[in-house]
Amino acid sequence: MANEQDLDQIVAMLADDVLGSKRERYEQPLPNSYIEAFKAISEDPNNELVVACVDDEVVGVQQITFTPYITHQGGWRATIEGVRTASSVRGKGVGTKLINWAIKRAKDRGCHLIQLTTDKQRPDALRFYERLGFQATHEGLKMKL
């Protein structure tokens with residue numbers, strides 16, 4: 001699991017791509033909103049912020065949220081969000097290890113389904129998730145507020 005000392009490296013990874021550079025604010029000191037979000041995630045037993053590390057360097061991150069649903073007979077789902085790997089390790093299996101870890105974690109938590117979304121501007125990410133067994137079975141809709 002991530003700790004607050006990892007937050008700087010996590011935000012740097014989130015900001016280090018075409019889409020992230022437009023929506024993240026990687027600056028020193030980090031904006032307080034990241035610290036507040038980290039604390040909220042850490043205090044919630046149904047949210048986990050997971051990092052992959054090589055030595056002391058954070059090279060991957062993902063957030064997993066566990067949600068109970070009335071549908072599927074009151075089953076639980078896991079949602080994966082915010083998956084990123086450091087540019088220095090892309091294509092070296094870190095993302096695969098993160099997602100496989102999330103799948104096992106969801107099974108361990110008794111989830112009947114694991115889901116994620118990926119931006120339509122990330123066709124490589126879509127192919128990556130499909131290679132790992134995910135299927136585009138639904139249309140996802142979002143509204144910026």
Side-chain angles (χ1 to χ4, degrees), residues 1-69 71-72 75-142 144:
M1 296 301 151
N3 61 55
E4 196 167 338
Q5 290 71 38
D6 298 328
L7 196 52
D8 185 74
Q9 292 178 73
I10 291 169
V11 175
M13 260 190 305
L14 294 175
D16 185 28
D17 74 16
V18 173
L19 299 178
S21 65
K22 295 175 187 169
R23 62 182 175 218
E24 304 301 338
R25 283 183 49 210
Y26 181 63
E27 56 192 45
Q28 296 301 320
L30 283 178
N32 200 45
S33 57
Y34 290 110
I35 297 164
E36 290 172 4
F38 178 84
K39 288 179 181 174
I41 293 165
S42 298
E43 293 170 1
D44 183 344
N46 290 317
N47 267 290
E48 298 178 357
L49 191 62
V50 179
V51 291
C53 297
V54 173
D55 300 320
D56 291 333
E57 181 184 359
V58 175
V59 295
V61 65
Q62 67 185 351
Q63 181 175 342
I64 308 169
T65 303
F66 302 97
T67 309
Y69 279 75
T71 60
H72 293 270
W76 282 73
R77 294 180 191 196
T79 303
I80 303 171
E81 289 285 340
V83 179
R84 295 291 189 288
T85 57
S87 56
S88 62
V89 299
R90 286 191 192 129
K92 296 182 179 177
V94 173
T96 298
K97 287 179 182 176
L98 278 169
I99 297 300
N100 285 335
W101 187 94
I103 293 167
K104 182 181 182 318
R105 182 73 177 122
K107 288 177 182 177
D108 291 348
R109 289 275 308 244
C111 295
H112 71 89
L113 184 132
I114 190 164
Q115 60 192 14
L116 55 80
T117 61
T118 189
D119 195 294
K120 289 184 177 187
Q121 296 177 70
R122 297 182 190 277
D124 292 341
L126 179 60
R127 284 190 296 277
F128 166 73
Y129 294 125
E130 288 174 336
R131 277 196 313 270
L132 293 175
F134 288 84
Q135 299 174 349
T137 60
H138 292 68
E139 286 290 327
L141 306 172
K142 295 186 179 189
K144 291 201 180 225

What pairs with Ile41 under side-chain contact (heavy atoms from CB on, under 4.5 Å), at least two apart in sequence or on another chain?
-> Asn47, Leu49, Gln63
Sorted by chain and number, sequence neighbours left out, side-chain contact (heavy atoms from CB on, under 4.5 Å) with Leu113 holds for Arg77, Gln115
What is the distance from atom [atom1] of [X] to atom [atom2] of [Y], rounded to the nearest 0.5 Å?
X     : Y      : atom1 : atom2 : value
Tyr34 : Arg25  : OH    : CZ    : 7.5 Å
Ile64 : Cys111 : CD1   : SG    : 9.5 Å
Thr65 : Asp44  : OG1   : CG    : 7.5 Å
Met1  : Ser42  : CE    : OG    : 10.0 Å
Arg90 : Asp124 : CZ    : CG    : 10.5 Å
Cys53 : Gln9   : SG    : CD    : 7.5 Å

If you draw a 6.0 Å radius around [atom1] in [X], do more than 12 non-hydrogen atoms from other residues or ligands fall strictly inside?
X      : atom1 : value
Glu27  : CD    : yes
Asp56  : CG    : no
Glu139 : CD    : no

Should [X] and [Y] count as side-chain neighbours, where that means a heavy-atom distance under 4.5 Å?
X      : Y      : result
Val11  : Asp8   : no
Glu57  : Ser88  : yes
Glu24  : Asp16  : no
Thr118 : Phe134 : no
Phe66  : Thr79  : no

Which pairs, with at least one residue in residues 113-122 and sequence neighbours excluded, count as a salt bridge (Lys or Arg N to Asp or Glu O under 4.0 Å)?
-> Asp17-Arg122
Looking only at non-hydrogen atoms, find the nearest pair between [X] and [Y] and report the distance.
X      : Y      : value
Leu7   : Phe38  : CD2-CB, 4.0 Å
Lys142 : Thr117 : NZ-OG1, 3.5 Å
Asn46  : Arg109 : OD1-NH2, 2.6 Å
Ile10  : Ala2   : CD1-CB, 4.0 Å
Glu4   : Lys39  : OE1-CE, 3.9 Å
Ala102 : Gln62  : CB-NE2, 3.6 Å

Report the C-alpha distance between Glu81 and Leu116 in whole Å, list the side-chain angles of each, state the deciding distance to 0.1 Å, and finish with yes or no for side chain to side chain contact (heavy atoms under 4.5 Å, CB included).
-> CA-CA 6 Å; Glu81 289 285 340; Leu116 55 80; over 6 Å; no
Hey, which of Leu132, Ile114, Val94 is the one that makes side chain to side chain contact (heavy atoms under 4.5 Å, CB included) with Ile99?
-> Leu132
Residues Val50, Trp101; criterion side chain to side chain contact (heavy atoms under 4.5 Å, CB included); working and verdict = CA-CA 9 Å; Val50 179; Trp101 187 94; 3.5 Å; yes
Under 3.5 Å, is there a donor-acceptor pair between the side chain of Asn100 and the main chain of Ile103?
-> no
